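Just follow the structure's listing: the first ligand is 1, and inside any ligand the first atom is 1. On a predicted model such as this, the values are computed, not experimentally measured, just so you know.
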Amino acid sequence: METPPEEKIVPQFSIPKGIVGQPTYHTHPHMIPKGHLTCGITQMEYKERRDTLVNKLIAEVDNIHKNHVIVIPAARKQYMSDKIPYVFRQNSDFFYLTGCLEPSAILVLVKPAQTDTYKSVLFVHEKDAHAELWEGPRSGCSVSTQLFSVDEARPVEGFNQYLTKVTSLSKPGILWYHNDNPANLDIHDNIRSVLRHGQIALEDPQRALHQMRVIKSPAEIELMKEACYIGSQSVNMAMACTKPGISERTVDAVLEYTCRQAGAEHAAFPPVVAGGARATHIHYVANNQLLHKDEMLLVDSGCQRWMYNSDISRTWPVSGKFSKYHRILYELVLTVQKRLIELVGEQRPPLDQLFDQMCRLLGTHLQQEGILPKNIDGNDLIGRAYRLCPHHVSHYLGLDVHDAPLVRRRVPVASGMVVTVEPGLYVAPNDTSVPEEFRGIGIRVEDDVLITDGEPIVLTEACVKEIDDIEAIVGKHNL
Ligand code: GLY
Ligand code: MN
Ligand code: MN
């Protein structure tokens, strides 16, 4: 009988049927579209990323006589106390190149000198009935070869021996391995030990990898849109559930619940849910105070869905009605934030330049409102604004919240990047340089913005930020 067309197997790329170590479209059709390895991303895209990385790294050293061995470890499980694990979070670099969600796996790419091809080897945990009884199914070696479309899959136990052998056959050669903040300390010393035998130089693959990661593919952009939409709706829901007397922790729980029930794995980071003057502590995450009717609430939160993150900040009045002074400061920050989004599109500046623009804009507007003295200008004014907003205005966003950290913020933004735009103002309760009525107020407005060849697209547009819209939504949902 002939196979129906949609079931035809492309030899290089096909997803094995049956239960494996992570969701597939066969076992979790509600999570992964047909033909994708992970939601939104095909096996072919993962393979093309490996191809691109190998080519980029070779181009970096430009020496055809060198052999290349690239080692990218997965994250290992982390424990909060004996046998009690934290929620596992895969290493972003490893995930970007494999789509594999298994802890302590290792990707090795071997590119001998003067050949055009490279070999991909994925080290995974072999099938083990006893371990699987406790921890759930594993993919094992034979299935992993097909699932992750690598040339070979081998048991993790054989990694050290394999690396020693392959590097001894690869002299002179380069070991590409990220040596700082190692993803898996269990194998770090062994990886480093191959350097002792000479003729193998250590280089870092991460800069090239992060240059790739910072430009999102069309499939990644769709994933970013989804994470941003879910994050936006969760912040809207948090606004709707806000009322005097409830705890910051309740709002935190609304954010978490709303994101997860919409398909996110978990929050992108511990959220800031800061009422009143607590909002002037930029990293306040205790989230354990009660909210009062005359306060504002600052929330900075986001979600992770299929490893991609959103990052959103909004500030709203607990009572649902902005007071005169809250309104003045909020309008000021919102005006600056909207202008910065325009500037990102008009000038495509480096993010560091956007930061300078933020300080200048905040300074000018604060003077116009009589909050900063009129008799200062230039660097003095920028310095005073910086004191009131001491964090950066933007970072790249993607698989990590502070994404692709090896890409400098001195490079102009480019199409395919997603960046945050997040000015704020934080006036400490004891800041006597600012009129009394503005003290003890913290405000941040943060959106996630896709850079395109045309206008920038605000991916978190669904999250309300206009004063009228905020006042219409706060307190409208009964928990
Ligand atoms: N939530 C972290 C940040 O906004 O960068
Ligand atoms: Mn944030
Ligand atoms: Mn941010």
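Nearest to the Mn ion (ligand 2), among the N, O or S atoms that E446 has, is OE1. Take the N/O/S atoms of D311: the one nearest the Mn ion (ligand 2) is OD1. Looking at E422, its N, O or S atom nearest to the Mn ion (ligand 3) turns out to be OE2.
Within the coordination shell of the Mn ion (ligand 3), defined by N, O or S atoms under 2.8 Å, D300 is absent. Not one N, O or S atom of H402 sits under 2.8 Å from the Mn ion (ligand 3).
The residue from F438, F322, Y325 that alone fulfils the ring pair (Phe, Tyr, Trp, His ring centres under 6.0 Å) condition with Y330 is F322.
Remark: minimum distance from atom 1 (N) of ligand 1 to any protein heavy atom is reached at D300 OD2, 3.1 Å. For atom 3 (C) of ligand 1, the closest heavy atom belonging to the protein is D311 OD2, 3.3 Å.
Salt bridge annotation for D186-R76: present, with a cationic side-chain nitrogen under 4.0 angstrom from a carboxylate oxygen. Ionic pairing of E346 and R339 is present here: one or more N-O contacts between side-chain nitrogen and carboxylate oxygen are shorter than 4.0 angstrom. Residues E471 and R327 are paired through a salt bridge, judged by an N-O separation under 4.0 Å between the basic side chain and the carboxylate. Salt-bridge check for R213 with D93: passed, with a basic side-chain N closer than 4.0 Å to an acidic carboxylate O. Under 4.0 Å is where a charged nitrogen must lie from a carboxylate oxygen, and between K225 and D448 no such pair does.
Stacking of R49 on the aromatic ring of Y96 is recorded, both the 6.0 Å distance cut-off and the 45° axial limit being met.
Using a 4.0 Å cutoff on heavy atoms, H402 counts as a contact of ligand 1. Heavy atoms of V401 come nearer than 4.0 angstrom to ligand 1 in no pair at all.
Those atoms of ligand 1 that come under 4.0 Å of a heavy atom in H395, given as number and element, are 3 (C), 4 (O), 5 (O). With ligand atoms numbered from 1 in the order given, ligand 1 contributes 4 (O) to contacts under 4.0 Å with heavy atoms of E446.
Neither the backbone nor the side chain of V272 has a heavy atom within less than 4.0 Å of ligand 1.
When every heavy atom of H391 is checked against every heavy atom of I282, the shortest pair comes out as CD2-CD1, 3.8 Å.
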